[in-house]
Amino acid sequence: MNSFVGRSRELSEIRQLVASSRLVTLTGVGGVGKTRLALRAAELSGVESVVAELSSLRDPALLSAHVAAALDLHDQSSRPQLDVLADVLKERRLLLVLDSCEHLADHCAMLTQVLLAAPDLRIMATSRRPLDVRGERVFQVPPLPLPGPAAHRSEATLLLTGRAPVHLDRSDDPVLAQICHRLDGIPLAIELAAIQLGALSPRRLLDALDDRFSLLRGHDRCGLPRHQMLRTTIGWSHELCEPDERLLWARLSVFSGGFDLAAAEYVCGDERLPATEIDLLLTRLVNRSLLTAEGEGRYRMMSTVAEFGLDWLRALDQEREIRRRHRDFYLRRARRGESGWSSRAQTDWHARLGRDHTNLRAALDFSLADPGEHVAGLVLAATLWYFWTACGHLREGRHYLERALELVTEPSAERTKALWVCGWIAAMQGDLVLAAARAAECHADAEAQRDRAAIAYATQVAGAAAFFAGDVDTAILQFTAATEQHRATGELHPGLLLGLPQLAMAHVLRGDLDRARAVLHECLAFCDEAGELWARSHACYTLGMVEWAAGDLASAWAHARLSLRVKRLFHDVTGTVMCVELLAWTAGGRGEHAEAARLLGAAQNLWRTFGLPLFGSPFFSAEHRECEEAARRALGGQVYEELTAEGAALPYGDAVSYCLGEWHGPVSWARV
């Protein structure tokens with residue numbers, strides 16, 4: 001059944017509110033359909049809309065970053081994320097949907113107050129209670145219309161019959177109408193009850209509901225409050241489950257967002273609930289509408305159903321044990337991803353960890369909130385270095401690493417690793433003072449522990465801080481030492497594969513192009529041997545810089561494009577914008593100044609989404625200015641501004657397509 005049959009009045013009212021108000025909050029009990037209505041209203045709003053789903057977010061410190069990710073804003077600098085959001089939204093006409101705000105209501109209220117300074121922004125929130133913000137218009141989402149005295153089926157009965165696993169003929173309508181009245185027209189309650197019609201006749205289902213609710217009402221003739229009625233219906237569904245289904249339901253409640261079979265088997269399986277039986281049990285819970293099968297072997301539990309399961313898990317006194325298993329599973333997966341990162345499985349790990357993001361976050365939140373688990377949280381945060389740096393989550397990674405380092409202060413090999421990872425992220429964000437400090441602390445602890453790998457990484461981070469600060473000589477010394485230390489391990493690990501392009505770039509800036517080429521060809525050979533792509537894209541970009549400096553513009557263009565194709569696979573905005581910059585400089589060097597202007601505009605927009613133009617480096621900034629000045633002289637100021645504005649208007653995906661010659665936009669933009 002279409003979920004919006006019978007909701008036309010509500011949709012119309014919500015759309016009118018959104019058109020006339022800056023902030024509209026849809027409230028109502030769990031399961032009443034707030035999210036579905038909000039998403040449909042946004043779809044029909046006629047303006048660009050973006051949805052930030054918040055039910056899986058538990059750490060309010062990440063709220064702004066979570067919303068930024070929904071907006072496809074990849075600012076990873078150390079600037080306050082809320083300030084970045086406010087700046088970007090000032091220039092956008094947008095409807096922002098904040099879905100499931102109740103557990104973060106106060107923080108969402110503060111967020112909306114700041115963001116609504118943007119003149120063309122409107123916000124629609126869904127929450128079980130209002131946000132209590134000045135100017136907020138609240139729409140109480142009603143249940144589905146219930147059957148009246150007429151013979152036709154109502155929206156509630158249509159949902160009931162549509163979700164039932166058996167055909168129901170019109171002779172059942174009077175009883176079905178009574179069932180919908182008992183369930184107060186709440187869609188989730190109706191869907192859960194409908195599943196029982198495969199085992200019970202409509203009359204027996206009605207009698208069972210009456211018996212269930214009468215126990216709570218006693219002799220009170222008033223009905224149950226809607227929230228209690230829904231919870232009672234979920235509880236009844238719980239009782240109808242087999243004992244092993246109930247236990248699995250409770251244990252699955254610790255997952256955040258979707259999960260796969262392997263995760264469910266590890267986290268939920270034991271002698272009481274054998275892992276070999278969990279696949280079948282998951283199917284049974286899907287058939288009971290307690291789980292949703294999402295495809296690709298993944299499942300998701302609705303938050304209202306999960307809340308009931310979590311209460312049951314706590315009643316069983318198993319929450320800490322199951323959450324620890326959950327953390328251990330994702331730590332094990334993170335470690336496997338780390339060991340497999342520099343291999344042909346790299347893109348698979350990128351995709352897998354992206355799907356697991358909310359569970360990784362939940363595992364970190366649990367570990368850093370429980371004093372007995374702090375070290376494990378530190379280990380997980382450090383193990384995920386490749387997820388934070390290569391997959392566009394620098395800001396979140398630094399947040400967790402700094403929390404963990406504050407909680408775990410005793411020197412150890414685990415803490416030493418977290419120090420260099422945190423320093424590496426800080427360097428990428430342009431926070432060079434912190435990067436240097438973390439590198440120095442890491443180096444001192446690693447020396448005391450005789451940890452050769454950590455010494456190499458600390459040296460590498462110190463080199464990055466020196467490089468971005470403009471001290472090329474120190475950077476060359478540090479990068480050279482680090483790569484030699486990495487080589488001494490005899491392993492093709494990321495420190496070496498990324499350190500070689502760093503060293504080569506420093507040689508480029510020193511003007512030693514032959515040495516830079518030699519270093520890069522060594523790196524490319526290593527990457528090809530391992531099947532590694534991400535570090536290879538860094539080497540290709542740097543080789544493009546070498547050829548650009550040598551005057552071989554065709555080769556520079558080709559290498560920048562090779563790198564960009566891989567950057568797109570990882571949605572690596574930082575690497576992408578560096579490639580676009582190089583393409584702009586190359587176009588300018590070939591006298592294609594209109595092309596250079598558009599590319600500079602695209603780069604300008606992408607730098608803005610990253611948050612730190614040209615990393616603040618004096619080297620990159622100088623080349624950018626030279627390209628810009630040449631284009632202005634050739635085109636004239638007005639034409640230059642028009643062309644850069646065209647490039648700046650391109651979203652991330654279109655900008656990449658344009659740079660790769662896959663453009664399907666205006667013919668006048670076609671590259672000669």
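Heads up: numbering here begins at 1 and tracks the sequence.
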Enquirer: Go through the side-chain N and O atoms of E581 and Y541 and say whether any donor and acceptor fall under 3.5 Å apart.
Expert: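 E581 vs Y541: no donor-acceptor pair found between side chains.
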Enquirer: Measuring from F526:CZ to R536:CZ, what's the distance to the nearest 0.5 Å?
Expert: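 Reported to 0.5 Å precision, the distance equals 14.0 Å.
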Enquirer: Can you list the residues that meet the side-chain contact (heavy atoms from CB on, under 4.5 Å) rule with A597, with sequence neighbours excluded?
Expert: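 So A597 forms a side-chain contact (heavy atoms from CB on, under 4.5 Å) with L635, Y640, L643, T644.
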Enquirer: Would you give the length of the straight line joining atom CG of L498 to atom OG1 of T389, rounded to the nearest 0.5 angstrom?
Expert: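 So the CG of L498 and the OG1 of T389 are separated by 7.5 Å.
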Enquirer: Side chains of M505 and M545: closer than 4.5 Å at any heavy-atom pair?
Expert: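 Sidechains of M545 and M505: in contact.
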Enquirer: By side chain to side chain donor-acceptor pair (under 3.5 Å), which residues pair with H443, not counting sequence neighbours?
Expert: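 Listed in chain order: nothing, the list is empty.
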Enquirer: Please work out whether the ring planes of Y386 and W341 are parallel, tilted or perpendicular, with thresholds of 30° and 60°.
Expert: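 Aromatic pair Y386/W341 classed tilted.
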Enquirer: So, do V519 and T542 sit near enough that their side-chain heavy atoms are less than 4.5 Å apart?
Expert: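 The answer is no; the side chains never approach within 4.5 Å.
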Enquirer: Between E626 and W585, is any side-chain donor less than 3.5 angstrom from a side-chain acceptor?
Expert: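 Side-chain D/A pair, E626 to W585: absent.
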Enquirer: Give, for atom CG of L520 and atom CD of E547, the distance between the pair rounded to the nearest 0.5 Å.
Expert: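 Interatomic distance, L520 CG to E547 CD, rounded to 0.5 Å: 9.5 Å.
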Enquirer: Assess the pair H571 and H350: is the distance between their ring centroids shorter than 6.0 Å?
Expert: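 No, they do not, as the ring centres are separated by 6.0 Å or more.
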Enquirer: Does the salt bridge (charged side-chain N to carboxylate O under 4.0 Å, His left out) test come out yes or no for R590 and E592, once each step is laid out?
Expert: CA-CA 6 Å; R590 297 193 300 202; E592 299 171 359; 3.5 Å; yes
Enquirer: Kindly check if the number of other-residue, nucleotide or ligand heavy atoms within 6.0 Å of CD (E294) is above 12?
Expert: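 Result for CD/E294: enclosed.
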Enquirer: Where is the tightest heavy-atom contact between A587 and L599, given as atom of each residue plus distance?
Expert: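 Answer, listing the atom of A587 first, then L599: CB-CD1, 4.3 Å.
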Enquirer: If you take all heavy atoms of L503 and T483, which pair is closest and at what distance?
Expert: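 Nearest pair, atom of L503 first, then T483: CD2-OG1, 4.1 Å.
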Enquirer: Are Q502 and H538 side-chain neighbours, meaning at least one heavy-atom pair lies under 4.5 Å?
Expert: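 A side-chain contact is absent here, since even the closest heavy-atom pair is not under 4.5 Å.
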Enquirer: Once you round to the nearest 0.5 Å, how far does CZ of R355 lie from CG of L360?
Expert: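 Here the rounded value is 12.0 Å.
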Enquirer: Could you grab the distance from atom CD of E265 to atom CG of D279, nearest 0.5 Å is fine?
Expert: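 Interatomic distance, E265 CD to D279 CG, rounded to 0.5 Å: 7.0 Å.
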Enquirer: Answer whether the closest heavy-atom distance between the side chains of F259 and L252 falls below 4.5 Å.
Expert: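 Yes; the side chains approach each other to less than 4.5 Å.
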Enquirer: Under 3.5 Å, is there a donor on one side chain and an acceptor on the other for D365 and Y400?
Expert: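 Indeed, the side chains of D365 and Y400 share at least one donor-acceptor pair under 3.5 Å.
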Enquirer: Is the side chain of R327 donor-acceptor paired with the backbone N or O of F366 at a distance under 3.5 Å, no angle test?
Expert: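 Pair absent, no side-chain N/O of R327 close to backbone of F366.
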Enquirer: Do K567 and S537 meet the criterion of a side-chain donor-acceptor pair at a distance under 3.5 Å?
Expert: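 Their side chains do contain a donor-acceptor pair, which is all the 3.5 Å distance test asks for.
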Enquirer: Is the side chain of T489 donor-acceptor paired with the backbone N or O of H486 at a distance under 3.5 Å, no angle test?
Expert: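 Indeed, once roles are kept as given, a pair shorter than 3.5 Å links the two residues.
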Enquirer: Are E396 and H357 close enough that a side-chain donor and a side-chain acceptor fall under 3.5 Å?
Expert: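 Short answer, yes.
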Enquirer: Any idea which heavy atoms bring T409 and R415 closest together, and the distance?
Expert: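 Smallest heavy-atom distance, with atoms named: CA-NE, 3.6 Å.
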Enquirer: Is there a side-chain contact between P411 and T416 in this structure, where contact means two heavy atoms from C-beta onward sitting under 4.5 Å apart?
Expert: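 With C-beta onward as the side chain, the pair stays apart.
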Enquirer: What do the steps show when you test E522 against R487 for salt bridge (charged side-chain N to carboxylate O under 4.0 Å, His left out), and what is the final call?
Expert: CA-CA 12 Å; E522 178 187 19; R487 276 195 186 93; 2.5 Å; yes
Enquirer: When the ring planes of Y330 and H326 are compared, do they come out parallel, tilted or perpendicular, using 30° and 60° as the limits?
Expert: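 Rings of Y330 and H326: tilted, as their planes differ by 30° to 60°.
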Enquirer: Mind listing the closest non-hydrogen atom pair of V267 and R325 along with its distance?
Expert: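 Looking at all heavy atoms of both residues, the shortest contact is O-NH1, 3.0 Å.
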Enquirer: How far apart are the closest heavy atoms of A535 and P501, and which atoms are they?
Expert: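 Result for this residue pair: O-CG, 4.4 Å.
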Enquirer: Please report the closest heavy-atom contact between A539 and L524, naming both atoms and the distance.
Expert: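 Shortest heavy-atom contact: CB-CD2, 3.7 Å.
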Enquirer: Output the distance between atom CG (D431) and atom CG (L394), rounded to the nearest 0.5 Å.
Expert: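 The distance works out to 12.0 Å.
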Enquirer: Is the Y457 ring parallel, tilted or perpendicular to the W420 ring (thresholds 30°, 60°)?
Expert: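 Rings of Y457 and W420: parallel, under 30°.
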Enquirer: Does some side-chain heavy atom of C442 sit less than 4.5 Å from a side-chain heavy atom of V461?
Expert: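 In short, these two side chains do not touch, never coming nearer than 4.5 Å.
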Enquirer: Side chains of R361 and D59: does their closest heavy-atom pair fall under 4.5 Å?
Expert: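 The answer is no; the side chains never approach within 4.5 Å.
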Enquirer: What I'd like to find out is whether the side chain of Y266 reaches to under 4.5 Å of the side chain of D328, using heavy atoms alone.
Expert: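 Side-chain contact under 4.5 Å: yes.
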